[in-house]
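Naming: A, B, ... by sequence-line order, numbering from 1 per chain. Since we're looking at a predicted model, the values are computed, not measured.
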Number of protein chains: 2
Amino acid sequence: MKVLLVEDDVKISAAVSRGLRAEGFTVDIAMRGDDGLWMATEGSYDIILLDILLPGRNGYQVCATLREAGDWTPILMLTAKDGELDEAEGLDTGADDYLTKPFSYPVLLARIRALLRRAEKRDPAPVVAGDLRVDSVERRCFRGGFEVQLTTREFDVLHFLIRHAGEVVSKLEVLDGVWDYAFAGDPNIVEVYVGRLRKKVDHPFGKNAIETVRGAGYRLAGDGG
Amino acid sequence: MKVLLVEDDVKISAAVSRGLRAEGFTVDIAMRGDDGLWMATEGSYDIILLDILLPGRNGYQVCATLREAGDWTPILMLTAKDGELDEAEGLDTGADDYLTKPFSYPVLLARIRALLRRAEKRDPAPVVAGDLRVDSVERRCFRGGFEVQLTTREFDVLHFLIRHAGEVVSKLEVLDGVWDYAFAGDPNIVEVYVGRLRKKVDHPFGKNAIETVRGAGYRLAGDGG
DNA sequence: CTCCGCATGACTCCATCGTGACATAAAGGC
DNA sequence: GCCTTTATGTCACGATGGAGTCATGCGGAG
């Protein structure tokens with residue numbers, strides 16, 4: 001699960017991102033409104049946490065621009081103090097929820113989970129490919145009815161592949177979709193994780209679920225098997 | 001990949017074009033708005049970088065004129081300073097993105113790549129010719145309902161031919177379109193790949209899907225068969 | 001008939017991918 | 001608090017398939 005946190009207060013963003021990462025979220029941080037907009041447009045996030053008062057472009061504008069562009073990623077608005085946010089205005093620009101600072105971490109987490117559940121219901125992403133199934137809320141994976149134990153990263157990679165089942169996804173797309181924006185490492189890491197996944201979820205016999213398309217990337221078999 | 005840069009500041013255009021050429025882009029430069037418009041109309045570019053303040057005709061006008069003429073080449077607007085560009089206005093004329101000067105080169109490059117990716121996805125280019133069909137997302141090729149295994153290069157060449165189905169395309173055009181940039185090698189490579197494609201996708205009997213036009217290039221049969 | 005452009009099969013080399021081993025960092029048990 | 005275990009990412013090496021080169025043969029155009 002990828003979270004985009006757009007917040008210029010370093011203390012808050014540090015605390016929030018640390019907490020969310022401990023929960024297994026992958027967190028990207030933007031400190032300016034325009035940067036946040038850019039990252040939201042380019043990246044693919046499961047949820048966006050958006051401060052109102054931001055340099056570059058305020059939260060309302062970011063939110064409105066995203067919605068105009070047809071991006072309906074769940075947005076949770078963060079507002080510095082009661083009254084700063086005209087709630088009606090915030091919701092009118094297309095935000096899904098708002099939270100007034102100071103907020104406690106458990107409350108934030110609860111709101112995030114609630115939004116994710118709601119978004120999941122509204123727009124269910126494919127979670128099944130062949131006899132593979134993932135449960136994104138519980139972070140569990142099943143093959144043919146039997147559960148397979150996966151680590152956080154392994155799960156994220158598989159989840160990403162299932163959401164793009166049938167498509168060829170390049171290693172860079174996987175990297176962008178699963179790892180931090182700031183991840184500067186070797187794309188070889190994708191090969192490593194695909195390898196680990198194959199060991200765990202591929203059929204012992206028969207054709208591989210994750211197919212290598214040389215020079216292009218990987219393809220998870222779609223409905224066909 | 002061909003880039004049209006419309007920019008009257010010589011320092012900027014020199015720096016940008018040098019950088020982009022190093023990345024393998026083919027860069028054409030126009031210093032006036034009307035020249036840029038003409039080049040955009042005449043040539044076929046993958047992306048246009050368009051300054052706002054230009055002699056001859058400003059960037060908004062160039063952009064709007066192109067869109068009116070049905071030209072949907074991705075356009076990245078460049079604006080000299082914050083505030084010069086009324087963003088709403090810039091986007092309303094049909095620009096796909098905008099970038100405020102001064103910008104760093106990596107940011108420019110990232111934006112260009114993002115626009116190209118986006119354009120690739122929304123590109124409704126025909127992917128069917130006769131009983132041949134290619135799916136660029138799944139990177140698969142079918143002849144008469146049966147899948148044909150192609151390597152990356154073979155796929156790219158066939159994809160290019162199908163996008164130009166019915167037209168005669170010269171070997172150089174194929175080279176330019178598939179090998180993208182500065183390929184220093186033997187143009188004979190195109191003949192080699194056409195040969196390999198014929199082996200894989202042509203009918204064992206009956207007329208060839210890929211026709212040789214001696215002295216001019218190749219033509220992939222269009223809807224006719 | 002002759003020439004030039006195209007077709008084709010064989011061959012080489014290198015980029016890409018797969019994998020096991022290892023360094024670090026975080027989590028958990030005692 | 002210390003030690004063990006598990007997870008993440010790095011690296012290097014080996015295997016392999018495909019990209020590109022080349023030489024030769026063919027055939028249409030003039």
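Of all nucleotides in DNA chain C having an atom under 4.0 Å from a heavy atom of chain A, the first and last in 5' to 3' order are C:dT16 to C:dG20.
Listed for the A:Asp96 side chain is no donor-acceptor partner under 3.5 Å among the backbone atoms of A:Leu76. A donor-acceptor pair under 3.5 Å is absent between the side-chain atoms of A:Asp51 and the main chain of A:Leu54, judged by distance alone. Here the side chain of A:Asn58 pairs a donor or acceptor atom with the backbone of A:Gln61 at under 3.5 angstrom.
Atom P of nucleotide D:dA19 and atom CG of B:Leu175 are separated by 14 Å, given to the nearest angstrom. We find that CZ of B:Phe155 is positioned 13 Å from P of D:dA19, with the value rounded to whole Å. Between B:Leu197 atom CG and D:dG18 atom P there is a gap of 14 Å when expressed in whole angstrom units. When rounded to the nearest whole Å, the span between CD of A:Glu211 and P of D:dG17 equals 14 Å.
Legend: salt bridge (Lys or Arg N to Asp or Glu O under 4.0 Å) pairs involving residues 103-113 of chain B, not counting sequence neighbours, sorted by first then second residue: B:Glu23-B:Arg113, B:Asp97-B:Arg111. Evaluation of the side-chain hydrogen bond (donor to acceptor under 3.5 Å, both in side chains) test over residues 2-12 of chain A, restricted to residues two or more places apart or in two chains, returns A:Glu7-A:Lys101.
In this structure, A:Phe25 has no ring-ring contact (aromatic ring centres under 6.0 Å, His included) partners at least two apart in sequence or on a different chain. For A:Trp72, the side chain to side chain contact (heavy atoms under 4.5 Å, CB included) partners at least two apart in sequence or on another chain are A:Arg67, A:Arg122. With sequence neighbours excluded, no residue satisfies side chain to side chain donor-acceptor pair (under 3.5 Å) with B:Ser13. B:Thr41 is linked by a side chain to side chain donor-acceptor pair (under 3.5 Å) to nothing, counting only residues two or more places apart in sequence or in another chain. Every side chain to side chain donor-acceptor pair (under 3.5 Å) that A:Asn188 has, sequence neighbours left out, goes to A:Glu191.
With rounding to the nearest 0.5 angstrom, the CG atom of A:Leu49 is 11.5 Å from the CE atom of A:Met77.
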B/S/- contact track for nucleotides 7-14 of chain D, protein heavy atom under 4.0 Å: SBBBB---

Could you pull out every donor-acceptor pair under 3.5 Å between side chains of residues 144-153 of chain B and any protein atom, sequence neighbours left out?
from: B:Glu147; atom 1: OE1; to: B:Arg140; atom 2: NE; distance (Å): 3.3
from: B:Glu147; atom 1: OE2; to: B:Arg140; atom 2: NE; distance (Å): 3.1
from: B:Thr151; atom 1: OG1; to: B:Glu154; atom 2: N; distance (Å): 3.4
from: B:Thr152; atom 1: OG1; to: A:Arg214; atom 2: O; distance (Å): 2.6

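Neither side chain, A:Ser44 nor A:Arg163, offers a donor N or O lying under 3.5 Å from an acceptor on the other.
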Enumerate all atom pairs, one protein N or O and one N or O from nucleotides 25-30 of chain D, separated by less than 3.5 Å.
from: D:dG27; atom 1: N2; to: B:Arg214; atom 2: NH2; distance (Å): 2.7

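Two end axes, each from the C1' atoms of five base pairs, can be drawn for the helix from C:dC1-D:dG30 to C:dC30-D:dG1; they diverge by 30°, to 10 degrees.
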